Amino acid sequence: MASAFTVLRRLYLSIYNWIVFIGWFQVLFLALKTLKESGHEHVYNAVEKPLLLAQSAAVLEILHGLIGLVRSPVSSTLPQIGSRLYLTWGILWSFPEIRSHVLVTWLVISWAITEIIRYSFFGMKEAFGFAASWHLWLRYSTFLVLYPTGISSEVGLIYFALPYIKDSDKYCIRMPNKWNFSFDYLYAAFVGLGIYVPGSPHMYRYMLGQRKRALSKSKRE
């Protein structure tokens, strides 16, 4: 029974990783193609559908951690995926005015390269039980550049979206109402920006620790 579960687990995770890899590969291809042919103003419109699907699929990774399919701690997976979903749906999808900003291109390319490497790495591990040493190095080294570019783009896009959030009144709940509750999306955006201040250095240190452990283990083997 245990071996059957292991086979099914690896089959499912292999399929999941390669499907999402294809999604992110499409995002990168469309982003670079559009950037070359039409300019950064049109990148979001070109990548919107695969971006929404590929990024939303990451929600399953939280479930994978909760039920023990993977060893990644939910405490590190949740904030990463949560911030990505917030940018994808709560900023870019919700406020079209921000979509033509050049930071969208930086964000999309940073995310796509990171995820193409990550999903293909784990796809190889699940499908074949190993990944090449160069693949391992890319998996645990490219974040040194792509994490700062991605995070700075996320923070910049939230900041530049603030005037549109304020003017739109979207997602706000005003008093009085039957729930006796109010919510201001603009204040939530400020809170989100505030979380990036301690959160980003913490996650960067966490990934540095992951890199050190993974590369040291690789050398020993």
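Treat the numbers as computed from the prediction; the structure is a model and nothing was measured. Numbers for residues simply follow the sequence, beginning at 1.
The shortest heavy-atom contact between Pro50 and Gln26 is CB-OE1, 3.8 Å. Of all the heavy atoms in Leu136 and Ala214, the pair that sits closest is CD2-O, 4.1 Å. Between Gly23 and Ala54, the shortest heavy-atom contact is C-CB, 4.2 Å. Nearest heavy-atom pair across Leu157 and Ile98 is CD2-CG1, 3.9 Å. Ala31 and Val108 get closest at one heavy-atom pair: CB-CG1, 3.9 Å. A pairwise comparison of heavy atoms in Ile158 and Ala189 identifies CG2-O, 4.1 Å as the closest pair.
Between Trp24 and Ile113, every side-chain heavy-atom pair lies at or beyond the 4.5 Å cut-off. Looking at heavy atoms from C-beta onward, Thr34 lies out of side-chain contact with Val47 at the 4.5 angstrom threshold. Side-chain contact between Met207 and Lys212 is absent, with no heavy-atom pair separated by less than 4.5 Å. A 4.5 Å side-chain heavy-atom check between Tyr196 and Ile151 finds at least one atom pair inside the cut-off. When side chains are defined from C-beta on, Leu63 does not count as touching Leu69, because their heavy atoms never get closer than 4.5 Å. Between Val20 and Glu115 the shortest side-chain heavy-atom distance does not fall below 4.5 Å. Asn17 places none of its side-chain heavy atoms less than 4.5 Å from the side chain of Phe121. Within the 4.5 Å cutoff, side-chain heavy atoms of Pro148 are placed close to those of Tyr204.
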Worksheet item: Does the pair Gln210 and Tyr140 meet the rule for a side-chain hydrogen bond (donor to acceptor under 3.5 Å, both in side chains), with working shown?
Response: CA-CA 7 Å; Gln210 273 193 319; Tyr140 290 102; 5.3 Å; no
Item to complete: Begin with the C-alpha distance, continue with both residues' side-chain angles, and end with the deciding distance and a verdict on side-chain contact (heavy atoms from CB on, under 4.5 Å) for Arg84 and Glu154.
Response: CA-CA 8 Å; Arg84 294 273 194 99; Glu154 291 179 31; 4.2 Å; yes
Practice prompt. Apply side-chain contact (heavy atoms from CB on, under 4.5 Å) to the pair Arg10 and Thr6, showing each step before the final yes or no.
Written response: CA-CA 6 Å; Arg10 290 186 62 177; Thr6 300; 4.3 Å; yes
Discussion item. Go through it in stages, so that I can follow the logic: the residues are Tyr206 and Arg211, the test is side-chain contact (heavy atoms from CB on, under 4.5 Å), and I'd like the CA-CA distance, side-chain angles, deciding distance and then a yes or no.
Written reply: CA-CA 9 Å; Tyr206 171 77; Arg211 180 178 189 270; over 6 Å; no
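Judged purely by atom type and a 3.5 angstrom limit, Arg139 has no side-chain atom pairing as donor or acceptor with the backbone of Arg118. In terms of modelled atom types and a separation under 3.5 Å, the side chain of Asp184 and the main chain of Ala188 share no donor-acceptor contact. Side-chain N or O atoms of Arg99 include one that pairs as donor or acceptor with a backbone N or O of Leu92 at under 3.5 Å. Not one N or O on the side chain of Tyr147 forms a donor-acceptor pair closer than 3.5 Å with the backbone of Ser110. With hydrogens and angles ignored, the 3.5 Å screen pairs a side-chain donor or acceptor of Ser76 with a backbone N or O of Pro73. Distance alone, capped at 3.5 Å, places no donor-acceptor pair between the Ser200 side chain and the Val197 backbone.
The only member of Glu48, His40, His42 that meets side chain to side chain donor-acceptor pair (under 3.5 Å) when paired with Tyr44 is Glu48. Checking Val27, Thr88, Leu28, Leu146 one by one against Trp111, the side chain to side chain contact (heavy atoms under 4.5 Å, CB included) holds for a single residue, Thr88.
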Please list, one pair per line, the donor and acceptor atoms closer than 3.5 Å that link side chains of residues 164-171 to other protein atoms, with sequence neighbours excluded.
unit_1	atom_1	unit_2	atom_2	d
Ser168	OG	Tyr164	O	3.2
Ser168	OG	Ile165	O	3.2
Ser168	OG	Lys170	N	3.1
Asp169	OD1	Arg174	NE	3.4
Asp169	OD1	Arg174	NH2	2.4
Lys170	NZ	Ser94	O	2.6
Tyr171	OH	Ser94	OG	2.7

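Around atom CG of Asn180, no more than 12 heavy atoms belonging to other residues, nucleotides or ligands sit under 6.0 Å away. Within 6.0 Å of CZ on Phe183 lie more than 12 heavy atoms contributed by other residues, nucleotides or ligands.
Note: the hydrophobic cluster containing Leu60 also contains Leu52 (ILVMFWY, side chain heavy atoms under 4.5 Å, direct or indirect links). Criterion: ILVMFWY side-chain heavy atoms under 4.5 Å apart, direct or through other members. Under it, Phe29 and Leu53 are not part of a common hydrophobic cluster. The cluster map of Ile, Leu, Val, Met, Phe, Trp and Tyr, joined by side-chain heavy atoms under 4.5 Å apart, puts Ile173 and Phe190 in the same cluster. Hydrophobic clustering (ILVMFWY, side-chain heavy atoms < 4.5 Å, transitive): Phe5 and Leu8 are in distinct clusters. Placement of Val191 and Leu193 in two distinct hydrophobic clusters is found when ILVMFWY residues are connected by side-chain heavy-atom separations under 4.5 Å, directly or transitively.
Note that CD of Glu61 is 4.5 Å distant from CD1 of Ile81, once rounded to the nearest 0.5 Å. Summarising the geometry, atom CG belonging to Leu103 is positioned 7.0 Å from atom OG belonging to Ser152; distances are rounded to the nearest 0.5 Å. The distance from the CD1 atom of Ile116 to the CG atom of Leu138 is 12.0 Å, given to the nearest 0.5 Å. In this structure, CD1 on Ile195 lies 13.0 Å from NE2 on His202, to the nearest 0.5 angstrom. Interatomic distance, CG of Leu107 versus OG1 of Thr149, reported as 8.5 Å (0.5 Å rounding). The distance from the CD1 atom of Ile15 to the CD atom of Glu126 is 11.5 Å, given to the nearest 0.5 Å.
Taking Ile, Leu, Val, Met, Phe, Trp and Tyr as hydrophobic and joining them when side-chain heavy atoms fall under 4.5 Å apart, one finds Val145 isolated, its cluster having no other members.
Annotation: ring-ring contact (aromatic ring centres under 6.0 Å, His included) contacts involving residues 51-101, sequence neighbours excluded, comprise Tyr12-His64, Tyr16-His64, Trp89-Trp93, His101-Phe160.
In this pair, Trp18 and Phe21 present their aromatic rings perpendicular. The plane angle is above 60°, beyond the 30 to 60° band.
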